[in-house]
Trainee: 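Below is a structure I'd like to ask you about.
Every chain is numbered from 1, with letters handed out A, B, ... down the list of sequences.
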There are 2 protein chains.
Amino acid sequence: MFGEMANQFDQFVGITKALSDPTRVRMLLALRRRELCVCQITALFGLATSTVSKHLSVLQQAGLVQSRKTERWVYYRLSDKSAPVTVREALDWVSKSLARTDVAAADQKRLGQILKMEPSEICRRVCR
Amino acid sequence: MFGEMANQFDQFVGITKALSDPTRVRMLLALRRRELCVCQITALFGLATSTVSKHLSVLQQAGLVQSRKTERWVYYRLSDKSAPVTVREALDWVSKSLARTDVAAADQKRLGQILKMEPSEICRRVCR
DNA sequence: TCGCCATTTCGCCAAACATCGAAATGACTC
DNA sequence: GAGTCATTTCGATGTTTGGCGAAATGGCGA
């Protein structure tokens, strides 16, 4: 609400700060495939749920991802075409630069395994 | 100089880390105008010389700028077309997103004043 | 060789950050 | 309305980072 007052420069640095952590960049690459709920992302990266939630919050604050809540789960997805130009260019730059890297491929492979399970099953395994 | 064996992913995060500090982004915007020596950049931002040197080192490590030494001074400039694609796209993204912002305009205005002086004169004023 | 001087490196401090586990939140179910 | 469960927020901790001043570096001219 107050955060909306940031100027173009601060918005830009918010984006670059969000992109400056390797885990957050990997999250964006994973979300290229489809929207994911927090427990799926937690399973993918093997971090504490609170850590994953915090990372996603940073990405959302920067405008790079959006979220929707359904039943018990919160799903995050990459921001769509309604996002500011700078955000879209950032996402394009990430994809273009890293989509074909080993890191992205390995994450996608593990994500494939995770997507075979129902979110509820993942959470039974992962969340506490 | 660029002899690091980091993979594409690490190179990318190196770039985003370099871009995650507002001072470093402003330095890149200033260098769009022309190459600048350390003492000119120091005068422009009013920071300690050692701090400026460190920032420029981070930008150079990421491949975003290059340097040349002439007489007493080290000049830094934006990396040219021989730089990796990811670097060029990063620089383009910075320019496209921020070249017309108030911050960039104010820095350019002050830079105009600084460029009226000889580097040696600036150093006599600024260094120490 | 010696000293000068712009720059870099080093040592230190304070602020910011990634991470975790625990507690709080909030939505759905019974 | 109470309990359950995914997520968020909080609090603590170790690490990273930006900043400075002082010391080291390295090129140049005397």
Side-chain angles (χ1 to χ4, degrees), chain A residues 10 13-14 16-27 35-62 65-77 114 117-128, chain B residues 1 10 13-27 35-62 65-77 114 117-128:
Chain A
D10 292 333
V13 175
T16 56
K17 274 191 197 300
L19 296 180
S20 71
D21 180 86
T23 301
R24 287 195 290 265
V25 174
R26 289 168 65 196
M27 287 177 177
E35 68 173 10
L36 297 170
C37 83
V38 178
C39 65
Q40 291 173 317
I41 300 172
T42 300
L44 179 57
F45 294 111
L47 294 168
T49 310
S50 60
T51 303
V52 170
S53 178
K54 175 63 176 157
H55 279 312
L56 289 167
S57 160
V58 171
L59 290 170
Q60 187 166 41
Q61 199 72 19
V65 304
Q66 300 176 313
S67 66
R68 71 182 175 90
K69 193 161 194 169
T70 300
E71 301 182 14
R72 292 186 182 83
W73 303 291
V74 178
Y75 283 87
Y76 284 86
R77 64 185 181 282
I114 290 165
M117 299 188 276
E118 285 296 313
S120 59
E121 182 186 353
I122 295 165
C123 282
R124 234 172 279 133
R125 292 174 178 232
V126 172
C127 302
R128 192 138 356 255
Chain B
M1 187 179 290
D10 292 334
V13 174
I15 292 170
T16 56
K17 275 190 195 300
L19 296 179
S20 71
D21 180 85
T23 302
R24 286 195 290 264
V25 173
R26 288 168 66 196
M27 287 177 176
E35 67 173 11
L36 298 169
C37 83
V38 177
C39 66
Q40 290 171 318
I41 300 172
T42 300
L44 179 56
F45 294 110
L47 294 169
T49 309
S50 58
T51 303
V52 171
S53 178
K54 176 65 176 151
H55 279 312
L56 290 167
S57 161
V58 171
L59 290 171
Q60 188 166 40
Q61 198 73 19
V65 304
Q66 300 175 312
S67 65
R68 72 181 175 89
K69 193 160 194 172
T70 300
E71 299 181 15
R72 294 186 182 82
W73 304 290
V74 177
Y75 284 87
Y76 284 86
R77 63 185 182 283
I114 290 166
M117 299 188 274
E118 286 294 314
S120 60
E121 183 185 353
I122 294 166
C123 283
R124 235 173 279 134
R125 292 175 178 231
V126 170
C127 302
R128 185 161 352 272

Trainee: OP1, OP2 of C:dC20 versus side-chain N and O of A:Thr51: anything below 4.0 Å?
Mentor: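 Yes.
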
Trainee: Is a donor-acceptor pair below 3.5 Å formed from side chain A:Ser50 to base C:dG21, judging by atom type as modelled?
Mentor: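 Counting by modelled atom types and ignoring angles, a donor-acceptor contact under 3.5 Å is found here.
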
Trainee: Given D:dT8, C:dA6, C:dG21, which nucleotide is nearest the side-chain atoms of A:Thr49?
Mentor: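 Between D:dT8, C:dA6, C:dG21, the one nearest the side chain of A:Thr49 would be D:dT8.
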
Trainee: Kindly point out which of D:dC5, D:dC20, C:dT7 is positioned nearest to the side chain of A:Arg72?
Mentor: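 Per side-chain heavy atoms of A:Arg72, the pick is D:dC5.
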
Trainee: Which atoms form the tightest heavy-atom contact between B:Cys37 and B:Trp73, and what is the distance?
Mentor: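 B:Cys37 and B:Trp73 have their closest heavy atoms at CB-CB, 4.1 Å.
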
Trainee: If you only use heavy atoms from C-beta on, which nucleotide in D:dT17, C:dA18, C:dT8 is closest to the side chain of A:Arg24?
Mentor: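 Between D:dT17, C:dA18, C:dT8, the one nearest the side chain of A:Arg24 would be C:dA18.
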
Trainee: Rounded off to whole Å, could you give me the NZ-to-P distance for the B:Lys54 and D:dT25 pair?
Mentor: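 Spelled out: NZ on B:Lys54 to P on D:dT25 is 18 Å.
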
Trainee: Using a cut-off of 4.0 Å on non-hydrogen atoms, how would the nucleic acid contact of A:Tyr76 be classed: base, sugar-phosphate, or nothing?
Mentor: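 Touches sugar-phosphate only.
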
Trainee: Which heavy atom in A:Val65 sits nearest to a heavy atom in A:Tyr76, and how many Å separate them?
Mentor: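 Taking A:Val65 first and A:Tyr76 second, the nearest heavy atoms are CG2-CD2, 3.9 Å.
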
Trainee: Could you check whether any side-chain N or O of B:Arg24 sits under 3.5 Å from a backbone N or O of B:Ala18, counting only pairs where one atom can act as donor and the other as acceptor?
Mentor: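 Judged by distance alone, yes, a pair lies under 3.5 Å.
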
Trainee: Examine D:dT17: is either OP1 or OP2 under 4.0 Å from a nitrogen or oxygen in the side chain of B:His55? Give yes or no.
Mentor: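 Checking B:His55 against D:dT17: no side-chain N or O falls below 4.0 Å of OP1 or OP2.
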
Trainee: Would you indicate which nucleotide in C:dT7, C:dA27, C:dC17 comes nearest to any side-chain atom of B:Trp73?
Mentor: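 Comparing C:dT7, C:dA27, C:dC17 against the side chain of B:Trp73, the answer is C:dT7.
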
Trainee: If I compare all heavy atoms of A:Leu19 with all of A:Val25, which pair ends up nearest, and what's the gap?
Mentor: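 Result for this residue pair: O-CG2, 3.2 Å.
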
